[in-house]
Student: 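Following this message is one structure expressed as structure tokens.
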Amino acid sequence: MKIDGTPFRSIWRAGETVRIIDQRWLPHEVRVVALSDRAAFATAIRDMWVRGAPLIGATAAYGMAVALRADASDSALDDHWQVLHATRPTAINLRWALDRMRAALAPLPAADRAAAALALADAIADEDVELNRQIGLHGLALIKAIAARKGGRVNILTHCNAGWPATVDWGTATSPIYHAHNAGIDVHVWVDETRPRNQGAQITAWELNAHGVPHSLIVDNAGGHLMQHGQVDMVIVGTDRTTANGDVCNKIGTYLKALAARANGVPFYVALPSPTIDWRVKDGVAEIPIEERSPAEVTHVQGLDPEGRIVQVRISPTGTGAANPAFDVTPATLVTGLITERGVCAANPSALRAMFPDLAP
Ligand SMILES: CSC[C@H]1O[C@H](OP(=O)(O)O)[C@H](O)[C@@H]1O
């Protein structure tokens, strides 16, 4: 999408150099950095310079390609896989991308692996852009139907950031919104700030602002109230891992939004590209590993000080500890539909298998 009129992706290549937007400093600074070796890629994923399931996968693919320049031996291929896979546990796209890279590279002579890996990483990035564009077209049909039914502004609530910075481009949850806005439909987005890291306040609000999409920032706990008062026509969120049964793992707080949506008759949609489906897992609550991040993300908050410096401030007493589960799992029974690149399907095993007969085991 565009930043000040200039088209951007969240990750791109300039010759042999891979560059990213370091998202830790958004919305106040757009810092572009080059990632030069395996350690830099691992740090960028682990410390959330880049984040969002599809982008994590694309970044890991490029990380594998850059790592192979240093050592492309069979043992190194496995070691690169291990180091990059260990960065974050929940988004399945990380494993999906690394598995796809290793499967394609292992049969090649070591001398050919780095170049082949770079080409495959490029392909994974380009595929992600197209998958998300297609998600947007299928989601657009849902928004159009609501607009036709109510004959006015469509109010959409989203949680965290499943926007273009969470992917290579377009986003997943935001792609239908961008398509609807571009088609002249009057859409407005309730943007959950999304504690503790505030990806909604810092990234979703920033990207919607840049594209001119009407939006309002809300505290995470306002969504249920807005739904009770008829202020939310649909919820669209992203996901970091969706199971073969249709259970949806996403940023912490998503489950509560799904409960409020069900209680108020608000359709709850999840937008995802097929690499985010983990066909090996059925019961999301029991089986998906939930990342536990630093308590400091809860006890501190980042923002601009009066002098315009980006600072962290403590918001709780020094002696207060914190728990920080980064994700939760919404059972498939609370999901109205899954907006995929092939169409909208029900969140159940048979519908998923019918939508993806070539992928389902
Ligand atoms: C399109 S996937 C976006 C997904 O990833 C985010 O998590 P994080 O910022 O920790 O990587 C969040 O769960 C979003 O819904």
Side-chain angles (χ1 to χ4, degrees), residues 1 9-11 20-24 26 44-60 87-94 96-97 125 128-129 131-136 139 157-178 189 191-204 206-207 220 235-242 248-258 268-278 284 288-294 297-298 302 324-330 335 338-341:
M1 301 305 279
R9 285 184 173 186
S10 55
I11 188 169
I20 61 161
I21 295 171
D22 182 344
Q23 299 184 29
R24 293 176 297 168
L26 294 176
I45 297 171
R46 181 185 310 107
D47 295 348
M48 297 177 67
W49 303 15
V50 295
R51 26 68 48 202
L55 177 55
I56 289 171
T59 303
T87 52
R88 293 187 74 188
T90 303
I92 191 59
N93 309 62
L94 177 57
W96 169 85
D128 183 64
V129 175
L131 292 177
N132 300 329
R133 190 183 71 84
Q134 292 295 336
I135 288 169
L157 185 143
T158 194
H159 189 69
C160 197
N161 176 254
W164 74 261
T167 68
V168 179
D169 204 349
W170 280 108
T172 56
T174 57
S175 188
I177 294 167
Y178 288 131
V189 183
V191 177
D192 274 359
E193 63 179 351
T194 316
R195 286 280 288 140
R197 289 183 65 107
N198 294 320
Q199 289 96 320
Q202 294 180 352
I203 304 174
T204 305
W206 171 77
E207 68 170 287
D220 294 327
V235 177
I236 309 180
V237 298
T239 173
D240 297 82
R241 187 185 312 211
T242 290
V248 170
C249 182
N250 197 49
K251 184 55 55 194
I252 193 78
T254 303
Y255 173 43
L256 293 176
K257 290 295 146 33
F268 183 89
Y269 285 97
V270 179
L272 73 160
S274 52
T276 310
I277 301 170
D278 186 348
I288 296 176
I290 301 298
E291 180 181 19
E292 182 73 29
R293 294 191 63 88
S294 164
E297 293 182 353
V298 179
Q302 177 173 296
N324 187 12
F327 300 96
D328 60 25
V329 177
T330 299
V335 178
L338 301 169
I339 309 172
T340 78
E341 69 272 18

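Order of appearance sets the numbers: ligands from 1, and atoms from 1 within every ligand. Along the sequence shown, residues carry numbers from 1. Computed over heavy atoms, backbone and side chain alike; hydrogens, waters and symmetry mates excluded.
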Student: What is the closest protein heavy atom to atom 12 (C) of ligand 1, and at what distance does it sit?
Tutor: C160 SG, 3.4 Å

Student: At a 4.0 Å threshold, what atoms of ligand 1 neighbour a non-hydrogen atom of T172?
Tutor: 1 (C)

Student: Determine, for K251 against D192, whether the closest basic-nitrogen to carboxylate-oxygen distance falls under 4.0 angstrom.
Tutor: no

Student: Would you check whether H159 has a nitrogen or oxygen atom less than 3.5 angstrom from a nitrogen or oxygen atom of ligand 1?
Tutor: no

Student: Taking N or O atoms only and a 3.5 Å limit, does G52 qualify as a polar contact for ligand 1?
Tutor: yes

Student: Taking only heavy atoms of R88, which atoms of ligand 1 are found under 4.0 Å from at least one of them?
Tutor: 8 (P), 10 (O), 11 (O)

Student: Give the minimum heavy-atom separation between T167 and P54, together with the two atoms involved.
Tutor: CG2-CG, 3.8 Å

Student: Considering the heavy atoms of A53, write down every atom of ligand 1 situated less than 4.0 Å from one of them.
Tutor: 2 (S), 5 (O)

Student: Provide the number and element of each atom of ligand 1 under 4.0 Å from a heavy atom of P54.
Tutor: 1 (C), 2 (S)

Student: For a quick test of reading the model, state the closest non-hydrogen atom pair linking G200 to V191 and the distance between them.
Tutor: O-CG1, 3.4 Å

Student: Counting only heavy atoms closer than 4.0 Å, does ligand 1 sit against the backbone of Q199, its side chain, both, or neither?
Tutor: side chain

Student: Answer whether the closest heavy-atom distance between the side chains of R241 and V329 falls below 4.5 Å.
Tutor: no

Student: State, without any angle test, whether N161 and E207 hold a side-chain donor-acceptor pair at a distance under 3.5 Å.
Tutor: yes

Student: Is any side-chain heavy atom of W206 closer than 4.5 Å to one of P165?
Tutor: yes

Student: Just to check, does A326 reach to within less than 4.0 Å of ligand 1 when the distance is taken from its heavy atoms?
Tutor: no

Student: Given side chain to side chain contact (heavy atoms under 4.5 Å, CB included), test V50 with I11 step by step and report yes or no.
Tutor: CA-CA 9 Å; V50 295; I11 188 169; 5.8 Å; no

Student: Please indicate whether any nitrogen or oxygen in T167 is less than 3.5 Å from any nitrogen or oxygen in ligand 1.
Tutor: no

Student: Quick one: list whatever passes side-chain contact (heavy atoms from CB on, under 4.5 Å) with P325, sequence neighbours left out.
Tutor: I252, I290, E292, A323

Student: Looking only at heavy atoms, which two atoms of A58 and V168 are closest? And how far apart?
Tutor: CB-CG2, 3.8 Å

Student: Nearest to atom 5 (O) of ligand 1 by heavy atom, N250, I203, D240, I45: which?
Tutor: D240

Student: Hey, does E291 sit under 4.0 Å from ligand 1 if you only count heavy atoms?
Tutor: no

Student: Give the residue, atom name and distance (to 0.1 Å) of the protein heavy atom nearest atom 3 (C) of ligand 1.
Tutor: N161 O, 3.4 Å

Student: Give yes or no for whether the N/O distance cutoff of 3.5 Å, strictly under, is met between T239 and ligand 1.
Tutor: no

Student: May I ask whether R197 has any heavy atom positioned less than 4.0 angstrom from an atom of ligand 1?
Tutor: no

Student: Do M48 and R88 have side-chain heavy atoms sitting under 4.5 Å apart?
Tutor: yes

